[in-house]
Engineer: 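My questions all concern the structure below.
Whatever order the structure lists them in is the order used to number ligands and atoms, beginning at 1.
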Amino acid sequence: MNKLTEILATKAEEVAERRKSRSVTQLDAIDAGAVRGFAAALEKKIAAGGFGLIAEIKKASPSKGLIREDFNPADHARAYEAGGAACLSVLTDAPWFQGHEEFLIAARTACALPVLRKDFMIDPWQVAEARSIGADAILIIVAALDDGPMREIEAAALERGMDVLVEVHDEAELDRALTHLRSRLIGVNNRDLRTFETDLAVTERLAQRVPPGTLLVGESGIAAHADCQRLAWSGVHAFLVGESLMRQADVTAATRTLLEG
Ligand SMILES: O=C(O)c1ccccc1NCC(=O)[C@H](O)[C@H](O)COP(=O)(O)O
């Protein structure tokens with residue numbers, strides 16, 4: 001069984017359990033405040049001539065184990081914002097990433113940035129839960145879903161005013177996303193979630209295939225300003241970066257250096 005399949009099996013058990021405690025109606029009754037525009041924040045940075053950074057709060061990962069020992073999501077959120085990030089991504093999956101919903105709540109409360117709930121979405125119920133904790137955007141991993149569920153999850157997010165980051169890794173997934181989904185915020189994951197092999201050339205390749213009007217995000221394995229410049233040559237000006245920033249002592253300075261060189 002590959003890692004993505006393993007993660008999805010764990011997630012199905014987790015969601016089945018969590019659904020018992022609260023219905024969609026109960027979740028929707030929770031006032032999490034107004035949605036912060038996620039794609040709009042990226043577009044604003046890019047329109048101003050910079051890069052749009054989604055800075056990720058990631059304590060651990062299946063590929064690297066524990067990444068950050070002195071982990072404080074609120075401190076990280078403030079540091080990323082001060083360093084010039086446009087948005088945050090917060091891992092909430094517990095079994096594989098040592099994440100938690102409380103990390104998202106703490107991070108979002110500590111800053112004014114829009115926040116992506118980074119988790120494995122397999123059920124529209126999770127979208128209602130994501131909004132109830134304040135998430136402004138969710139992730140759809142095309143490799144994880146059939147067309148029908150993928151559309152339902154996207155619809156659940158859009159009807160709550162949230163943005164959807166649609167993640168693809170190859171041409172077939174990109175074509176499915178463009179055919180079946182409305183969101184034109186497309187993340188190209190340089191990491192193959194089945195093998196963990198990571199290669200920036202994946203974004204460069206798929207960037208040639210996207211139609212005008214797509215906001216493309218290069219994801220994973222980005223560690224330096226030179227990586228951002230390299231992807232910018234392919235027309236990609238937004239990035240999702242986790243590990244390389246999470247390992248830094250001075251997160252604000254590292255974020256600024258990543259963005260500005
Ligand atoms: O990061 C992993 O090991 C991983 C394994 C299996 C599924 C997803 C995984 N990561 C999620 C991500 O897409 C990354 O956290 C994100 O793109 C940032 O990547 P990086 O900058 O390389 O931490």
Side-chain angles (χ1 to χ4, degrees), residues 1-12 14 38 42 51-68 71 73 76 79-80 83 85-100 103-104 107 115-122 135 137-145 164-170 173-174 177 185-203 206 215-228 230-231 236 238-248 251 254-255 257-259:
M1 198 191 286
N2 72 51
K3 191 54 75 181
L4 181 60
T5 311
E6 254 184 89
I7 292 172
L8 293 173
T10 316
K11 190 55 64 180
E14 180 196 319
F38 190 88
L42 291 171
F51 289 132
L53 174 66
I54 306 168
E56 188 155 276
I57 297 183
K58 181 179 189 182
K59 184 176 180 182
S61 77
S63 58
K64 301 291 169 62
L66 183 65
I67 293 170
R68 182 84 187 197
F71 179 79
H76 256 91
Y80 281 151
C87 301
L88 298 181
S89 162
V90 181
L91 261 313
T92 55
D93 174 79
W96 300 94
F97 292 85
Q98 298 186 35
H100 201 282
F103 297 167
L104 188 148
V115 181
L116 169 78
R117 182 183 193 172
K118 192 81 181 303
D119 212 310
F120 298 84
M121 309 304 272
I122 53 169
I138 55 129
L139 179 74
I140 286 181
I141 301 174
V142 171
L145 294 163
V164 177
L165 176 61
V166 180
E167 182 175 295
V168 301
H169 179 68
D170 60 26
E173 290 174 12
L174 176 60
L185 178 62
I186 309 258
V188 177
N189 201 339
N190 298 306
R191 180 177 291 115
D192 185 334
L193 299 187
R194 301 163 189 96
T195 62
F196 297 158
E197 191 186 322
T198 304
D199 184 354
L200 299 192
V202 177
T203 293
L206 294 195
L215 176 47
L216 211 55
V217 181
E219 299 180 8
S220 302
I222 295 162
H225 185 64
D227 295 334
C228 301
R230 172 179 163 183
L231 295 182
V236 181
F239 310 102
L240 172 55
V241 182
E243 185 190 340
S244 64
L245 291 173
M246 288 300 301
R247 290 197 189 278
Q248 302 299 319
V251 176
T255 304
T257 303
L258 179 80
L259 288 169

Engineer: Give a yes or no on whether the backbone of E197 and the side-chain of D192 come within a donor-acceptor separation of less than 3.5 Å.
Structural biologist: no

Engineer: Could you give the distance from CG (L145) to CD1 (I140), rounded to the nearest 0.5 Å?
Structural biologist: 7.0 Å

Engineer: Give the minimum heavy-atom separation between A254 and Q248, together with the two atoms involved.
Structural biologist: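 Scanning both residues completely, I find the closest heavy atoms to be CB-CG, 3.3 Å.
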
Engineer: For residues S220 and N189, is any side-chain donor paired with an opposing acceptor at under 3.5 Å?
Structural biologist: yes

Engineer: Report all protein residues having a heavy-atom distance below 4.0 Å to some atom of ligand 1; order the list by chain, then number.
Structural biologist: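 Those residues closer than 4.0 Å to ligand 1 by some heavy atom are I7, E56, K58, S61, P62, S63, F97, K118, F120, N189, R191, L193, F196, E219, S220, G221, L240, V241, G242, E243.
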
Engineer: For K59 and F97, work out which heavy atoms get closest and say how close.
Structural biologist: CB-O, 4.1 Å

Engineer: Within this structure, what is the OH-CG distance for the pair Y80 and L53, rounded to the nearest 0.5 Å?
Structural biologist: 8.0 Å

